J.: 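Quick one: the structure is below, and I'll ask about it shortly.
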Amino acid sequence: MPFIYRNLTLLPEESEDSLRTLAATELGLPPQALRDLRILRKGVDARRKGRVKLVYTVAFSVADEAALRRQTAGNPSLEWQPEQPAPRFIPIRSRQQIVIAGSGPAGLFTALRLAEYGLTATLIERGQPVEQRALDVQQFWRNGQLNPESNVQFGEGGAGTFSDGKLTSRSKDPLVPWVLEQLAAFGAPPEVRYLAKPHIGTDRLRRVVIAIREHLLAKGFQIRFASRLTDIIAREGRLVAVTVNDSQELPCDLLILATGHSARDTYELMERRGVALERKAFAMGLRVEHPQELIDRIQYGGARHPNLPAADYAVAWNNSATGRSAYSFCMCPGGVVIAGASEAGGVVTNGMSGQKRNSPFANSALVVNVGVDDFGGNGPLAGVHFQRRWERQAFQQGGGGYRAPAQNLLAFLKLPGKGGASTTYRPGVVESELDGVLPAYIITTLREGIADFGRRLRGFVTAEATLIGIESRTSAPVRILRNGHFESPSLAGLYPAGEGAGYAGGIMSSAVDGVKIADSIAARLSHPA
Ligand SMILES: Cc1cc2nc3c(=O)[nH]c(=O)nc-3n(C[C@H](O)[C@H](O)[C@H](O)COP(=O)(O)OP(=O)(O)OC[C@H]3O[C@@H](n4cnc5c(N)ncnc54)[C@H](O)[C@@H]3O)c2cc1C
């Protein structure tokens with residue numbers, strides 16, 4: 001597939017079948033001369049409201065490559081790329097006992113990649129398989145009964161299982177296509193391979209997670225649910241075993257610690273055992289919910305054509321005097337606001353969508369950067385204590401039962417106008433002034449930022465919008481240090497992975513991090529020191 005043609009545009013009402021003719025006409029060739037044409041990338045260009053276009057990159061081959069390269073030399077839209085060889089995995093034999101703690105994207109993708117080398121591992125996951133987990137989460141959302149071991153953060157598939165499943169990644173890492181290819185092979189929509197903003201949706205993601213589990217079992221992996229890593233045992237600075245559920249010891253030479261940003265007890269364990277950790281900046285704020293149809297009108301300049309995706313937005317504003325920024329994060333078009341707590345007595349908001357993104361609402365986190373000096377403590381877990389304090393404050397302000405404090409956007413901005421706090425968040429909200437749910441510098445920066453967003457997205461500041469608090473689990477407040485080989489500098493055999501270790505943020509980067517760790521381990525096992 002050596003030719004790549006960029007910037008082909010179609011109107012939403014035009015069929016993708018016309019891409020072949022369009023590309024061929026631009027190149028002065030008959031349509032049938034373009035062989036094996038496929039879409040490499042598809043995005044939306046909404047810069048001109050009311051005249052939204054779909055923008056494509058396609059790949060194809062031709063019979064006479066040399067002739068086309070000569071004829072089109074200097075054409076900036078056409079690029080010739082030599083065929084990329086598929087990655088080759090040389091099988092590795094090893095007696096090393098590998099344990100992976102956590103079955104989120106980092107843990108699962110470490111496992112999938114190890115399997116490519118013919119290696120196996122024991123995967124321990126504190127939560128339940130995704131089928132049982134979905135029931136536990138529904139129960140929580142219905143009646144506020146939290147299962148601290150099986151919830152939106154904990155269980156098979158990790159934190160993003162009840163999510164929009166956005167697969168966007170700012171990273172240009174060459175491993176991104178491999179991860180997308182695996183997701184598509186395990187049941188994600190095929191277009192995740194080429195959409196500019198791919199997403200899976202929580203409904204489809206759960207099926208993908210089950211397919212990955214079945215694949216790993218078939219490859220000889222052991223998967224243990226309701227199995228929490230509770231201790232690590234080292235001898236002479238090298239890991240030799242792990243303890244599960246405070247009761248069972250598993251021999252372990254290499255531990256991939258992929259336990260996510262909400263495993264506060266696991267951070268405490270690492271601190272107790274002298275693993276090198278440090279505080280890490282993150283962000284906190286509120287979630288905002290609007291009618292989706294309003295966001296479509298703002299972004300597309302009118303009603304959405306059925307061939308256009310539910311519109312999203314990404315906004316950011318910086319106060320240069322204070323150094324604080326307010327920005328949108330984890331936007332869920334056509335989704336719902338969800339309760340994402342994992343610890344008793346704390347309220348945590350987040351967002352989720354199905355694959356079709358067809359809920360009549362759009363939501364997004366609006367957050368402000370929080371630095372390590374804001375935590376009010378010097379220990380490596382000061383950020384965890386800071387998060388917990390504000391989650392508990394939100395719980396109290398919501399009146400208990402995991403109801404969240406919420407306020408109409410106009411009331412929050414102290415603008416005139418009527419409107420209640422209407423939201424999809426379950427188990428429900430309590431209408432409340434939001435000033436006290438977060439530190440004053442976050443509330444002030446959010447007010448300034450939202451006023452700016454309203455100038456750029458006309459209609460964003462409206463009585464139809466509600467703010468719900470609080471959004472506190474945006475990324476890890478701790479970093480578990482590692483060296484250039486992804487290994488802890490303080491404990492040989494420990495590989496901190498993914499978002500919880502502070503080296504990733506989001507599904508894709510966590511998965512890519514897991515793949516890199518597997519590659520590093522494979523290199524080490526094939527060339528033992
Ligand atoms: C509601 C929600 C929506 C999100 N939406 C998106 C999105 O659309 N796109 C996106 O890119 N990102 C999204 N994210 C973030 C994304 O889910 C995370 O960045 C990603 O899951 C991190 O992957 P991870 O594997 O590092 O950790 P996690 O996914 O957090 O996985 C950690 C796993 O470890 C397990 N575990 C914890 N402690 C232990 C222990 N001691 N022993 C054994 N197992 C343990 C947990 O149960 C969990 O399964 C969302 C997150 C949430 C909560």
Side-chain angles (χ1 to χ4, degrees), residues 99-111 122-130 133 137 148-171 179 197-202 205 209 223-232 242-246 255-270 287 312 329-333 335-342 348-353 357 363-365 471-476 480 496-514 517:
V99 175
I100 301 171
S103 68
L108 288 180
F109 272 84
T110 306
T122 301
L123 182 54
I124 53 171
E125 166 53 59
R126 74 192 296 160
Q128 293 293 326
V130 73
R133 184 182 176 201
V137 168
E149 293 298 322
S150 177
N151 49 56
V152 168
Q153 310 288 346
F154 295 160
E156 189 182 21
T161 307
F162 299 90
S163 82
D164 177 56
K166 277 176 287 299
L167 302 177
T168 31
S169 158
R170 263 168 275 156
S171 153
V179 170
K197 293 182 181 174
H199 96 116
I200 302 187
T202 181
L205 192 51
V209 168
I223 304 183
R224 301 189 185 186
F225 295 107
S227 297
R228 187 161 59 94
L229 173 79
T230 48
D231 209 349
I232 49 177
V242 296
T243 308
V244 175
N245 295 339
D246 289 313
L255 170 66
I256 292 89
L257 187 74
T259 45
H261 61 29
S262 292
R264 293 169 172 171
D265 52 350
T266 313
Y267 285 140
E268 285 164 10
L269 163 66
M270 295 300 139
R287 202 152 264 264
D312 62 7
F329 173 77
C330 187
M331 206 251 144
C332 297
V336 290
V337 180
I338 63 166
S342 57
V348 177
T349 58
N350 216 307
M352 142 183 133
S353 322
R357 285 184 167 164
N363 69 75
S364 174
E471 189 86 13
S472 52
R473 309 275 181 97
T474 51
S475 70
I480 310 179
E499 183 158 40
Y503 296 97
I507 295 171
M508 282 307 291
S509 60
S510 302
V512 165
D513 198 52
I517 288 175

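Counting starts at 1 for both ligands and their atoms, in listed order. Since this is a predicted model, take the numbers as computed values, not measurements. Residue numbers run from 1 in the order of the sequence given.
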J.: Please collect all side-chain hydrogen bond (donor to acceptor under 3.5 Å, both in side chains) contacts where either partner lies in residues 101-110, sequence neighbours excluded, each pair once.
T.: S103-E125

J.: Output all residues satisfying side-chain hydrogen bond (donor to acceptor under 3.5 Å, both in side chains) with H199, sequence neighbours left out; order by chain, then residue number.
T.: D164, R357

J.: Which residue pairs pass the salt bridge (charged side-chain N to carboxylate O under 4.0 Å, His left out) test when at least one of the two sits in residues 498-509, sequence neighbours left out?
T.: none

J.: Can you give me the closest heavy-atom contact between N245 and T230, atom names plus distance?
T.: N-OG1, 3.4 Å

J.: State, to 0.1 Å, how close F329 and T474 come at their nearest heavy-atom pair, and which atoms those are.
T.: CZ-O, 3.5 Å

J.: Could you tell me whether D312 and K166 have a side-chain N and a carboxylate O separated by less than 4.0 Å?
T.: no

J.: Could you please provide the protein residues found below 4.0 Å of ligand 1 on a heavy-atom basis, arranged by chain and number?
T.: G102, S103, G104, P105, A106, I124, E125, R126, V152, Q153, F154, G155, G158, A159, G160, F162, S163, D164, G165, K166, S227, R228, L229, A258, T259, G260, A263, T266, C330, I338, N350, G351, G498, E499, G506, I507, S510

